[in-house]
Amino acid sequence: MNTKPIGLFDSGVGGTSIWKEIRALLPFENTLYLADSKNAPYGTQSQEKIIELSIKNTQYLVNKGCKIIVIACNTATTNAIDILRAQFNVPIIGIEPAIKPAALKTQTKAIGILATKGTLSSALFHKTTNLYASDISIVERVGEGLVSLIEEGKMNSLEMTELLKLYTKPMVDSNIDYLVLGCTHYPYLIPQLLKLLPKKVSIIDSGLAVARHTKATLESNNLINNENTIGKNLFYINTNNTQTMSSLLGKNRKVEYLDF
Ligand code: DGL
């Protein structure tokens, strides 16, 4: 069982930002990444549909023998993780916007959050916010259009810059000192955001925390791969977007088309 892969899925290429953190922390693990780009974005779809797609992706990874599933998508986590955990008999790790660390660190008592509609409207997001940030001003913004542009590889387009300016302006006007990235696609926008935001604003995402949680869960379940050889990594995508994904992964990593 220990040599079986870690399975990851996202609505598309964004979860590769999580894969990179996991790979850096657990280089000897084998991994299998599923990019459901055909159905991206998830963030504008109904909860019912997000659950249906999340079950389908998890089932595929479980059928492939994955020993643990990482939902590399905030939208799928906040809408479907309880159902996936009830339905599948493997450890399931999710990712949620890092509201708690931002709320603990803020000096201005104002934080910004950029995420999908599906995440910001989820019960889990509201629960976390009420628990950790009830005394903080939270400036929420749906990152409408961002995921689609990233899927098309248009991270540095003029269109992207204009959208980011529009979405962050109310946050800057509210004197935020932390911006929480609540979508796994958005870490690819950090270079752009750093140019737009005042110096005092720090950007937080949950990638490293998820990698650490994955490692701790493998350890506590005795599932760490103890073979001292660099892991094998498979990447599958169900559109012809292999090139965008491959360039995000870097190092000429091979991405294969898979009809799923
Ligand atoms: N990467 C997904 C997330 O973290 C993007 C969601 C979408 O497809 O809209 O939420």
Side-chain angles (χ1 to χ4, degrees), residues 7-22 33-58 61 69-81 83-84 92-99 102 112-126 128-129 140-155 160 163-164 167 179-190 193 203-211 213-214 235-239 241 244-245 248-249 255 260:
L8 301 95
F9 77 85
D10 180 34
S11 62
V13 301
T16 53
S17 64
I18 305 303
W19 176 85
K20 286 180 188 174
E21 300 280 5
I22 288 178
Y33 182 103
L34 213 50
D36 188 16
S37 291
K38 191 168 75 183
N39 293 301
Y42 279 12
T44 49
Q45 305 196 47
S46 68
Q47 183 175 27
E48 212 179 16
K49 186 73 188 171
I50 296 167
I51 290 170
E52 181 194 315
L53 294 168
S54 301
I55 291 174
K56 190 182 104 193
N57 298 334
T58 306
L61 294 169
I69 306 297
V70 177
I71 312 171
C73 175
N74 291 260
T75 310
T77 300
T78 51
N79 285 279
I81 193 165
I83 290 164
L84 297 181
I92 296 186
I93 308 289
I95 180 163
E96 278 185 73
I99 293 290
I113 160 118
L114 195 58
T116 69
K117 182 162 164 268
T119 294
L120 293 178
S121 60
S122 69
L124 190 56
F125 176 74
H126 287 124
T128 310
T129 311
E140 294 178 15
R141 181 73 213 213
V142 172
E144 214 180 315
L146 303 183
V147 166
S148 302
L149 284 175
I150 295 167
E151 287 292 315
E152 291 165 31
K154 294 181 182 161
M155 267 71 70
M160 180 65 87
L163 285 179
L164 291 178
Y167 297 164
L179 170 60
V180 177
L181 300 183
C183 171
T184 56
H185 282 69
Y186 300 169
Y188 290 113
L189 303 176
I190 290 175
L193 285 164
I203 299 173
I204 304 194
D205 70 79
S206 317
L208 180 58
V210 169
H213 188 194
T214 304
F235 301 98
Y236 294 129
I237 189 165
N238 56 7
T239 60
N241 230 358
T244 306
M245 186 154 149
L248 289 178
L249 287 163
V255 177
F260 70 93

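Both ligands and their constituent atoms are indexed starting at 1 by order of listing. Keep in mind the model is a prediction, meaning the values are calculated, not measured. In this chain, numbering begins with 1 at the start of the sequence shown.
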Problem set entry | Side-chain donor/acceptor of Tyr42 to backbone N/O of Ala76, under 3.5 Å | no
Problem set entry | Atoms of ligand 1, numbered as shown, that sit under 4.0 Å from any heavy atom of Ser11 | 2 (C), 5 (C), 6 (C), 7 (C), 8 (O)
Exercise. Taking the side chain as C-beta and beyond, is there a heavy-atom pair between Thr16 and Tyr33 under 4.5 Å?
Worked result: yes
Problem set entry | Protein heavy atom at shortest distance from atom 7 (C) of ligand 1 | Tyr42 N, 3.2 Å
Problem set entry | Nearest heavy-atom neighbours spanning Lys56 and Asn39 | NZ-ND2, 4.1 Å
For this session: Check Asp10 against ligand 1 and report side chain, backbone, both or neither, counting heavy atoms closer than 4.0 Å.
Result: side chain
Exercise. Relative to the ring of Phe235, is the ring of Trp19 parallel (under 30°), tilted (30 to 60°) or perpendicular (over 60°)?
Worked result: perpendicular
For this session: Could you tell me which atoms of ligand 1, counted from 1 in the order shown, lie closer than 4.0 angstrom to a heavy atom of Thr75?
Result: 3 (C), 6 (C), 10 (O)
For this session: Return a yes/no value for Gly14: is any of its N or O atoms, backbone included, closer than 3.5 angstrom to an N or O of ligand 1?
Result: no
Problem set entry | Heavy-atom side-chain contact between Thr75 and Ile50 under 4.5 Å | yes
Problem set entry | Thr116 N/O under 3.5 Å from ligand 1 N/O | no
Problem set entry | Thr77 side chain to Ile95 backbone, donor-acceptor under 3.5 Å | yes
Problem set entry | Short N or O distance, Asn74 and ligand 1, threshold 3.5 Å exclusive | yes
For this session: Heavy-atom contacts with Gly43 under 4.0 Å: which atoms of ligand 1 show up? List them by number with element.
Result: 7 (C), 8 (O), 9 (O)
Exercise. NZ of Lys154: more than 12 outside heavy atoms within 6.0 angstrom?
Worked result: no
Problem set entry | Cys73 near ligand 1 by a heavy-atom separation under 4.0 Å | yes
